[in-house]
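Computed from a prediction, not measured in an experiment: that's the story for all the values here. Every chain is numbered from 1, with letters handed out A, B, ... down the list of sequences.
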2 protein chains.
Amino acid sequence: MTSERQPTPGFAREIELLWGLKEAPRRGPRPKLSREAIVDTAIALADAEGLEGVSMQRVAKELGYTTMSLYRHVDSKEDLLALMSDAAVKGMPVPEPRTDGDWRAGVEEWCRSAITIYRAHPWAVHIPLSGPPGGPYGLRWMEAGLRELVASGLRADEAIQTLMLLACTLRDALRIENDMRRTAAERGMSLEESTRMWAQSVRRVIDPREFPTISRVFEEGVFEEEPTETADPGPAEDIDFPVQRILDGIEAYVRDRKAGGDAP
Amino acid sequence: MTSERQPTPGFAREIELLWGLKEAPRRGPRPKLSREAIVDTAIALADAEGLEGVSMQRVAKELGYTTMSLYRHVDSKEDLLALMSDAAVKGMPVPEPRTDGDWRAGVEEWCRSAITIYRAHPWAVHIPLSGPPGGPYGLRWMEAGLRELVASGLRADEAIQTLMLLACTLRDALRIENDMRRTAAERGMSLEESTRMWAQSVRRVIDPREFPTISRVFEEGVFEEEPTETADPGPAEDIDFPVQRILDGIEAYVRDRKAGGDAP
DNA sequence: CTAGAACCGTGTACCACGCACACAGATATA
DNA sequence: TATATCTGTGTGCGTGGTACACGGTTCTAG
């Protein structure tokens, strides 16, 4: 068997990528560049200028290397983004296992942690999830959340689905908030101003007979609220409601199942 | 007041875009191309080849025009995508208002409708939502869902948040399913095969001491299931669980509020 | 009726990006 | 020491979005 570099028969090469599972080269010059350095500067760039600031040329320039040198350590830009995604949750403060049995508080704490790192790396929510995490840091993150959810009484597969639901919800909410804030800033207004303008435009354009419910909602003055919040970024205004409803749902679900029998 | 074409002072130019609010030109040759034709062929292209098949050059070629001619009718590709997003939900079969008071059934029907059009236009879930819909079709869609949610007893703003939560959840689930199915197909396997391979790779790589919960989950043989479903695409396998939990949560929430007082 | 304003679609070009490929120098194995 | 193997470089291709100036067309004002 001559060691031919097979491109990983398909067996989840993603895992191989994220865990850095390559046999180290035996010959040739010692590499000055490293995959880690590339990912780090890419992340620094994204933190500073957003995802659209991350191009292969830009990352290379930042490092003082040629564009093509990156491809020695990373197969494609897609791979780089995957590595960035995993590394983004590296600094996540993983909650300790709880001693009281309060799984709900545990999940809430997990959500707050997630929000914290996503606020530290806003670009991360713009890289769409494509399944459960596979990298070392992503799995650590998953482990922490899964622990609490399993404690709630969910079955394993249900816990995973719920975790994905929570993760997607957090990410969507943060992404939308980011987007809206950014486009508002482009027009030189605050988020609240922009929202109010948007609401007025919609209101002018819709026919109350065709859109009775929406009209009524506008009548009630949603979107007109003053920023009653104390802090600017707040802990998690619009994120709290959906998360709480999901947790309500889980709570009701496990309670009902415990009460009733477990028929097929 | 000379009619200077102001670029819409910022007042939600998105609405103006989506509703086609431009005063018709009074001079010049009759346009042969139309915004509608552009959007239609772009959608046809996306249906056939996915979003990455949609480039300005490609759309123009399909129509038999020059690339730049499109920019007479559409300000940018971003705008084209926004128009496509709105038009995608055009064919949505909007459920009739219910006569029984079963709001939960109403919301479920709304979700099924959404899934139907998203399956008809898989690319649509890859254009990220950036807030509540603003176009005529999107608002029609919103109206239908909002009607049922308001009937449940939610406040107006809560209903909107819930609707966004549901929409995001449906879209995320469908997008992830699409993505996973596509990457599996690229490696020449079915979705189930690919998932199993992935699970095996992860399992090989993680330390049970560091990832006790995940290890246990793998031990239980999640990801190993045979496709016990009857139909191939099924109505909504992985989508049903999260949606039901959310609805459980709403139900519990409105019930609890009705029971307790409404203290601040 | 005619001049010019307003508008349509075209042609040309620019720039950014991802990446293929061949190469020169470095290095460890045989 | 010869040689296979590896590292970073340079060059260049193809594709994508879009700015800009232009010739031709149509409506309106004088």
Do B/R27 and C/dA5 have a side chain to base donor-acceptor pair shorter than 3.5 Å? yes
I'd like to know if B/E210 pairs up with A/R140 as an ion pair, taking the criterion as any Lys NZ or Arg NE/NH1/NH2 lying under 4.0 Å from an Asp or Glu carboxylate oxygen. no
When you check the phosphate oxygens OP1 and OP2 of C/dC7, does a side-chain N or O of B/R30 lie under 4.0 Å from one of them? no
May I ask you to say whether B/E192 pairs ionically with B/R196, meaning some side-chain N is under 4.0 Å from a carboxylate O? no
A/R72 atom CZ is separated from D/dG10 atom C1', nearest whole Å, by 13 Å
Taking NE2 from A/H73 and C1' from C/dC19, how many angstroms apart are they, rounded to a whole number? 16 Å
Atom-pair distance (CG on A/D75; P on C/dC19), nearest Å: 10 Å
Position toward the 5' end of DNA chain C (nearest nucleotide), B/A24 or B/T67: B/A24
Euclidean distance, atom CG of residue A/L51 to atom P of C/dG18 [Å, nearest integer]: 12 Å
side-chain N/O A/S55 vs C/dA16 OP1/OP2, d < 4.0 Å: no
Side-chain contact check for B/K77: nearest option of C/dG18, D/dG17, C/dT10 is D/dG17
If you check every side-chain atom of B/T66, which of D/dT25, C/dG11, D/dG16 has the closest atom? C/dG11
Parallel, tilted or perpendicular: which fits the ring planes of B/W110 and B/W141, with parallel below 30° and perpendicular above 60°? parallel
Closest to the side chain of B/Q57, out of D/dT25, D/dG16, D/dT18, is D/dG16
Just how far, in rounded Å, is P of C/dC17 from CG of A/L80? 14 Å
Which is true for A/S76 with a 4.0 Å heavy-atom rule: it touches a base, it touches only sugar-phosphate, or it touches nothing? sugar-phosphate
So which nucleotide from C/dT27, C/dC19, C/dT10 ends up closest to the side chain of B/M68? C/dT10
Report the distance from atom CD of A/E52 to atom C1' of D/dG16, rounded to the nearest whole Å. 17 Å
Between CZ of B/R26 and P of C/dA6 the distance, given in whole Å, is 14 Å
Short N-O contact, B/D79 and B/R13, less than 4.0 angstrom: yes
Sugar-phosphate, base or nothing in reach of B/Y71, heavy atoms under 4.0 Å: base
Take the angle between the ring planes of A/F218 and A/F223 and call it parallel below 30°, perpendicular above 60°, tilted in between. tilted
Figure out the CG/P separation between B/L70 and C/dC8, and round it to whole Å. 14 Å
B/Y65 side chain: which of C/dG9, D/dG8, D/dG17 is closest? C/dG9
